[in-house]
Amino acid sequence: MITVQNISKRFGDYPALHNINLTIEPGEFIALLGPSGSGKTTLMRIIAGLEFQDSGHVLFDGEDVSTRKVAERGVGFVFQHYALFKHMTVAENVAFGLSVRKRKDRPSKIDIKARAEELLGLVQLGGLGNRYPAQLSGGQRQRVALARALAVEPQLLLLDEPFGALDAKVRKDLRRWLRGLHEQMGLTSIFVTHDQEEALELADRIVVMDHGVIEQVGTAEQVYMEPASPFVSDFVGEINRVDVTVTNGLIRLNDRQLDIAANGYADGPAQLHFRPHDVELAGADAGGLPIIVSNLFRKGGKWRVEGQCGTLDRVIEIDLDATDTPPHVGAELVVRPTKSRIFHTTGR
Amino acid sequence: MSQRAIVTESRFARGLLIGSALAFLGFFLLLPLVAVFSEALKQGVGTFWDAVKEPDALASIRLTLLIAAISVPLNVVFGIAASWAITKYSFRGKSLLITLIDLPFSVSPVVSGLIFVLLFGAHGWLGPWLSAHDVKIIFAVPGIILATVFITFPFVARELIPLMMEQGKDDEEAAVSLGANGWQTFWHVTLPNIRWGLLYGVLLCNARAMGEFGAVSVVSGHIRGLTNTMPLHVEILYNEYDFVGAFAVASLLAVLALVTLVAKSVLEWRFDYHHGGAGH
């Protein structure tokens with residue numbers, strides 16, 4: 001079990017992390033999700049021991065490892081750009097962690113070689129041990145980096161933007177494969193990503209971060225369906241945001257009364273969030289948002305309709321069934337969200 | 001051949017440009033080089049060898065080699081250490097350190113020499129203490145080494161800093177995360193990454209260490225057979241109208257320069273090939 005307690009970190013005047021608390025169970029696959037500058041990579045590097053916190057503690061199975069160096073923490077780290085050693089063959093790269101061990105802990109040359117070959121087989125690169133990193137494709141390099149990190153038998157596998165530098169198709173295959181490997185080896189894994197789709201698809205739990213704080217920790221379902229903050233709602237999945245006013249449990253968009261219950265919400269300015277697929281078309285007199293269709297295209301099995309809503313500067317996006325006759329550009333529609341969330345507009 | 005199409009200058013203008021460039025190079029670079037060798041060999045190979053074998057000349061050659069053999073390794077160590085500190089860590093005063101590294105390049109060599117006279121000379125800050133303890137620095141070999149180290153310090157560091165900056169510290173962090181200690185990380189990861197740049201820096205450093213005149217001239221004291229390096233010896237011979245001797249020793253320095261240039265070209269070719277071939 002990995003416990004992160006009250007971690008804070010500043011880089012000069014820039015607060016990278018602020019009072020972070022997090023617990024990771026053994027065997028979990030965790031995504032640290034956030035935009036750049038959210039502190040996700042810094043948090044992972046602190047867990048790894050590549051960076052040190054200003055205050056707070058990192059515990060592995062209840063033991064404080066805060067002052068331990070990376071090599072003493074039993075973690076495998078896969079770098080964003082792989083950081084393979086260019087002048088070594090693939091097999092030498094994989095064997096590196098074993099070859100640099102102290103003499104008494106070091107396996108024999110033959111054992112090291114066999115272990116490297118075995119790991120290369122595991123990452124489906126058997127027979128490529130004599131190549132140099134420059135002779136491999138991006139996806140292959142990524143897997144060499146992974147095999148190299150696994151060679152030291154880490155308890156915890158840390159991956160920094162593991163799929164960031166790969167093209168879309170390779171990325172998808174590798175994702176699924178990595179998930180399989182994680183289960184097969186019984187690892188605890190943490191990966192950093194800015195791609196919410198990747199996080200939703202892969203992770204047992206997602207840690208959504210912004211500006212050095214954790215906004216929400218939860219399963220893909222929880223984070224997507226019950227976002228804890230406007231940031232999470234906006235960052236995870238597609239969302240429409242409309243500025244509204246709450247008065248007496250009713251929502252108004254300018255002068256228009258919307259047919260959405262806001263019971264229990266205090267009066268004042270608020271933001272209405274709804275997903276493009278959580279809408280239905282309603283009659284002109286129903287309490288929906290009136291939009292004028294400005295663009296229309298096919299998106300998978302749906303029509304994606306973009307429309308202008310009155311004077312709002314943001315475009316409203318909705319999905320309609322592809323079986324329906326699509327509206328034409330310029331048509332007036334009334335859109336009623338079937339599922340929505342209301343967030344009070346704070347000073348932020 | 002598509003390049004020919006985008007060249008807009010007329011045939012005449014091109015010819016004029018290339019011609020004047022070649023004439024310039026020939027007059028300022030090739031001609032002096034040829035003159036050095038022809039002067040040196042003017043009275044035959046025998047006289048040339050006699051001039052080179054003359055005890056004071058041999059002493060100056062030995063001293064020059066000694067100076068290079070001491071100052072180049074020192075600057076390899078200092079250069080790597082400084083580049084490592086500057087590129088792998090962030091600390092207060094880093095930009096000041098980067099500026100300081102360039103100091104030997106921006107200061108006149110004569111001033112560099114005078115700095116050491118001021119520090120270690122008989123009337124310098126540390127002079128009385130040094131003479132009390134019978135340590136001789138100025139007008140002796142240690143002073144020449146100090147001045148040479150100072151003058152040639154930037155070559156290795158200047159070569160390595162941009163290279164190491166570009167490479168970042170991912171490779172080192174990867175090695176450390178795999179359990180390598182500091183020395184293993186340096187030996188197995190950093191050094192192979194910087195080896196061509198380092199070699200290039202060493203070559204330039206060596207060329208300058210053997211050829212330095214100004215700073216060494218100030219601290220050496222020109223004692224024949226003792227503190228005269230090859231460039232100083234050349235000057236003395238020349239001033240004594242011993243042209244054959246002067247040019248004979250000078251031609252040895254010129255040969256050294258040529259060897260350095262060839263090695264440098266080979267390295268640059270290797271370096272480019274290596275960089276280009278890595279697929280970045």
Side-chain angles (χ1 to χ4, degrees), chain A residues 11-12 44-45 47-51 68-88 92-102 105-106 131-138 141 144-154 156-161 165, chain B residues 80 84-98 159-160 162-200 267 269-280:
Chain A
F11 290 117
M44 190 167 79
R45 288 171 61 86
I47 294 174
L50 287 171
E51 203 87 63
R68 280 195 212 162
K69 288 186 204 143
V70 53
E72 299 159 348
R73 294 196 188 186
V75 298
F77 202 103
V78 178
F79 290 80
Q80 186 177 0
H81 302 291
Y82 322 132
L84 294 179
F85 308 133
K86 292 188 273 298
H87 58 284
M88 295 185 200
E92 285 167 347
N93 264 282
V94 174
F96 186 82
L98 297 174
S99 340
V100 295
R101 281 194 186 163
K102 288 200 185 77
D105 305 322
R106 189 168 58 209
R131 300 235 185 133
Y132 282 88
Q135 298 167 305
L136 302 182
S137 71
R141 285 182 211 176
V144 174
L146 200 59
R148 186 178 67 178
L150 291 174
V152 293
E153 287 167 14
L156 176 65
L157 185 62
L158 302 167
L159 306 116
D160 188 6
E161 299 272 6
Chain B
I80 290 176
W84 184 288
I86 282 169
T87 55
K88 311 281 174 183
Y89 303 109
S90 58
F91 54 90
R92 219 177 271 268
K94 190 162 148 174
S95 52
L96 183 71
L97 185 59
I98 296 174
E159 201 56 47
L160 291 185
L163 185 64
M164 291 170 86
M165 205 89 98
E166 182 205 316
Q167 289 174 346
K169 50 186 182 184
D170 275 9
D171 281 14
E172 280 77 15
E173 285 186 342
V176 168
S177 81
L178 291 165
N181 60 34
W183 175 250
Q184 286 170 325
T185 304
F186 174 73
W187 191 253
H188 294 299
V189 175
T190 307
L191 194 58
N193 274 345
I194 61 170
R195 57 188 159 182
W196 298 116
L198 180 63
L199 215 54
Y200 187 65
L267 270 184
W269 173 75
R270 209 38 242 269
F271 199 35
D272 280 351
Y273 169 77
H274 215 68
H275 257 209
H280 284 290

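To find a chain, count down the sequence lines: A is the first, B the second, and so on, and within it residues start at 1.
For chain B, the nearby part of A:Val152 is the side chain; its heavy atoms alone come within less than 4.5 Å. Of the atoms belonging to A:Ala151, not a single heavy atom falls under 4.5 Å from chain B. For a residue to count as touching a neighbouring chain, one of its non-hydrogen atoms must lie under 4.5 Å from one of that chain's; by this rule A:Leu84 touches chain B with the backbone only.
More than 12 heavy atoms of other residues, nucleotides or ligands shown are found within 6.0 angstrom of CZ on B:Phe91. Atom NZ of B:Lys94 is surrounded by more than 12 heavy atoms from other residues, nucleotides or ligands within 6.0 Å.
Once rounded to the nearest 0.5 Å, the distance linking CG of B:Asp170 with OH of A:Tyr82 reads 12.0 Å. Considering CZ of A:Phe79 and OG of B:Ser177, their distance stands at 5.0 Å, rounded to 0.5 Å. Summarising the geometry, atom CZ belonging to A:Phe77 is positioned 7.5 Å from atom CD belonging to B:Glu173; distances are rounded to the nearest 0.5 Å. Atom NE2 in A:His87 sits 8.5 Å away from atom CG in B:Asp171 (nearest 0.5 Å).
Annotation: side chain of A:Phe85 is not in contact with side chain of B:His188 (no heavy-atom distance under 4.5 Å).
Comparing A:Arg148, A:Gln135, A:Met88, A:His81 by heavy-atom pairs within less than 4.5 Å of chain B, the highest count is held by A:Arg148.
A:Glu153 meets the salt bridge (charged side-chain N to carboxylate O under 4.0 Å, His left out) test with A:Arg115; sequence neighbours excluded.
Listed here is the closest heavy atom pair of A:Lys86 and B:Asn193: NZ-OD1, 3.9 Å. Closest non-hydrogen pair, B:Gly179 versus A:Ala71, comes out as CA-CB, 3.7 Å.
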